[in-house]
Amino acid sequence: MGYDLVIFDNDGVLVDSEPLANSVLAEYLTELGHPTTYEESVRDYMGSAVHRVHDLVRDRTGQQLPADFDETLHTRTIAAFEQELKPVPGVEEVLGALTAQGIGYCLASSGSHDRIRVGHRVAGLDGWFEEEWIFSAQDVGQGKPAPDLYLHAARQMGVEPARCVVVEDSPLGVQAAVAAGMDVYGFTAMLPADRLPGATGHFGDMKQLTGLLGLEAGLGM
């Protein structure tokens, strides 16, 4: 194992939330008069904090989204999560391997703390993450693709960036990890490898990650 800390993105890496979240976002933007397909939502917003939605809509149309946009989007997204959210297949085996071998891990997500916690509760992952191992774009000045969130996570966990490896599934997240001076493995369940340029390596099945990290398969909790 060549790393002291594994930093996981959350949406699409730990919980299978990207299809749900992007469907909700595309539908809501369309409802507000900004026609957006699911594919366009994935292309433009996957892996980003909600301020990017405001920025792109304003840049493209000159219009502001409603003052209650964030709250309404959050409510609709959480409702979708409560009904359907599942863990990414194989992720508990990876977390078990890290735990069994004493390798530190945490998560760094563009989502809010509340969204992360609800998602983990529904998906059954809440037992894997201590409170102090969870980091959100809410904690820093700039979200992905800026390196701030990953650097903050490394600093709080007491590990140098060069000793960290990130697991990401979005172009913005890969950019953030590279900018932070960290290796990053691109998970291609949602997007092909050519949409994740700059990654140290790519994998399409979460169970492959143990091999990429040089871990033996671990037992679940």
Side-chain angles (χ1 to χ4, degrees), residues 1-18 47 87-111 113 116-117 119-120 123-137 139-140 143-145 147-191 193 196 198-221:
M1 177 73 181
Y3 306 102
D4 296 330
L5 179 68
V6 181
I7 307 177
F8 292 93
D9 174 45
N10 186 56
D11 293 297
V13 171
L14 296 173
V15 293
D16 193 18
S17 53
E18 290 292 6
V88 168
V91 75
E92 290 180 276
E93 287 85 346
V94 175
L95 297 174
L98 292 168
T99 301
Q101 298 183 46
I103 304 300
Y105 65 86
C106 65
L107 74 84
S109 173
S110 294
H113 279 285
I116 295 166
R117 286 170 176 78
H120 281 208
L125 294 181
D126 44 351
W128 288 103
F129 287 86
E130 301 290 341
E131 192 78 12
E132 60 268 25
W133 300 352
I134 297 174
F135 306 100
S136 163
D139 304 330
V140 296
K144 305 170 188 178
D148 303 35
L149 179 55
Y150 282 128
L151 292 173
H152 173 70
R155 185 165 54 249
Q156 294 299 115
M157 297 294 289
V159 179
E160 290 296 319
R163 300 296 301 165
C164 299
V165 61
V166 173
V167 185
E168 264 288 357
D169 71 333
S170 74
L172 296 176
V174 170
Q175 291 175 44
V178 171
M182 301 175 182
D183 285 353
V184 52
Y185 284 105
F187 183 40
T188 58
M190 282 283 292
L191 298 175
L196 302 172
T200 307
H202 299 89
F203 66 104
D205 184 328
M206 187 57 66
K207 293 180 180 179
Q208 296 174 299
L209 186 58
T210 53
L212 289 174
L213 297 177
L215 297 169
E216 297 177 3
L219 297 176
M221 288 179 64

Are the side chains of [Y] and [X] in contact, using a 4.5 Å heavy-atom criterion?
X	Y	value
Phe8	Leu98	yes
Glu92	Leu125	yes
Glu160	Asp4	no
Ser110	Asp11	no
Trp133	Trp128	no
Val94	Met206	yes
Val15	His120	yes

What's the separation between atom [atom1] in [X] and atom [atom2] in [Y], rounded to the nearest 0.5 Å?
X	Y	atom1	atom2	answer
Leu95	Leu14	CG	CG	6.5 Å
Thr210	Gln101	OG1	CD	9.5 Å
Leu213	Gln208	CG	CD	11.5 Å
Ile116	Asp126	CD1	CG	13.0 Å

(request) For Glu132, enumerate each residue passing the side-chain hydrogen bond (donor to acceptor under 3.5 Å, both in side chains) test, keeping only those at least two apart in sequence or located in another chain. (result)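 Per chain and number, Glu132 pairs via side-chain hydrogen bond (donor to acceptor under 3.5 Å, both in side chains) with no residue.
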Those residues that, when tested against Asp148, pass side-chain hydrogen bond (donor to acceptor under 3.5 Å, both in side chains) (two or more places apart):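 If we apply the side-chain hydrogen bond (donor to acceptor under 3.5 Å, both in side chains) test to Asp148, skipping adjacent residues, there are no hits.
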Which heavy atom of [X] sits nearest to which heavy atom of [Y], and what is that distance?
X	Y	value
Ala180	Pro161	O-CB, 3.5 Å
Arg163	Gly2	NH1-O, 3.2 Å
Ala153	Ile7	CB-CD1, 4.3 Å
Ala199	Gly186	CB-N, 4.0 Å
Ala154	Leu5	CA-CD2, 4.3 Å

- Is Ser109 reaching over with its side chain to a backbone N or O of Asp9, donor-acceptor style, under 3.5 angstrom?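 Judged by distance alone, no pair lies under 3.5 Å.
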request  = For the pair Ser136 (side chain) and Gly111 (backbone), establish whether a donor and an acceptor sit closer than 3.5 Å, ignoring hydrogens and angles.
outcome  =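 Side chain of Ser136 to backbone of Gly111: a pair is present.
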Side chains of residues 164-178: which donor-acceptor partners sit under 3.5 Å, not counting sequence neighbours?
| from | atom 1 | to | atom 2 | distance (Å) |
| --- | --- | --- | --- | --- |
| Glu168 | OE1 | Ser170 | N | 3.4 |
| Glu168 | OE1 | Ser170 | OG | 3.4 |
| Glu168 | OE2 | Lys144 | NZ | 2.7 |
| Glu168 | OE2 | Tyr150 | OH | 2.5 |
| Ser170 | OG | Gly173 | N | 3.0 |

Would you please name every residue forming a ring pair (Phe, Tyr, Trp, His ring centres under 6.0 Å) with His202, sequence neighbours left out?
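By the ring pair (Phe, Tyr, Trp, His ring centres under 6.0 Å) rule, His202 matches no residue at all.
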- Query: Listed by chain and number, what are the ring pair (Phe, Tyr, Trp, His ring centres under 6.0 Å) partners of Phe135, not counting sequence neighbours?
  - Reply: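 Expected list: His152.
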Which pairs with one or both residues in residues 163-187 pass ring pair (Phe, Tyr, Trp, His ring centres under 6.0 Å), sequence neighbours excluded?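 Matches after skipping sequence neighbours: Phe187-Phe203.
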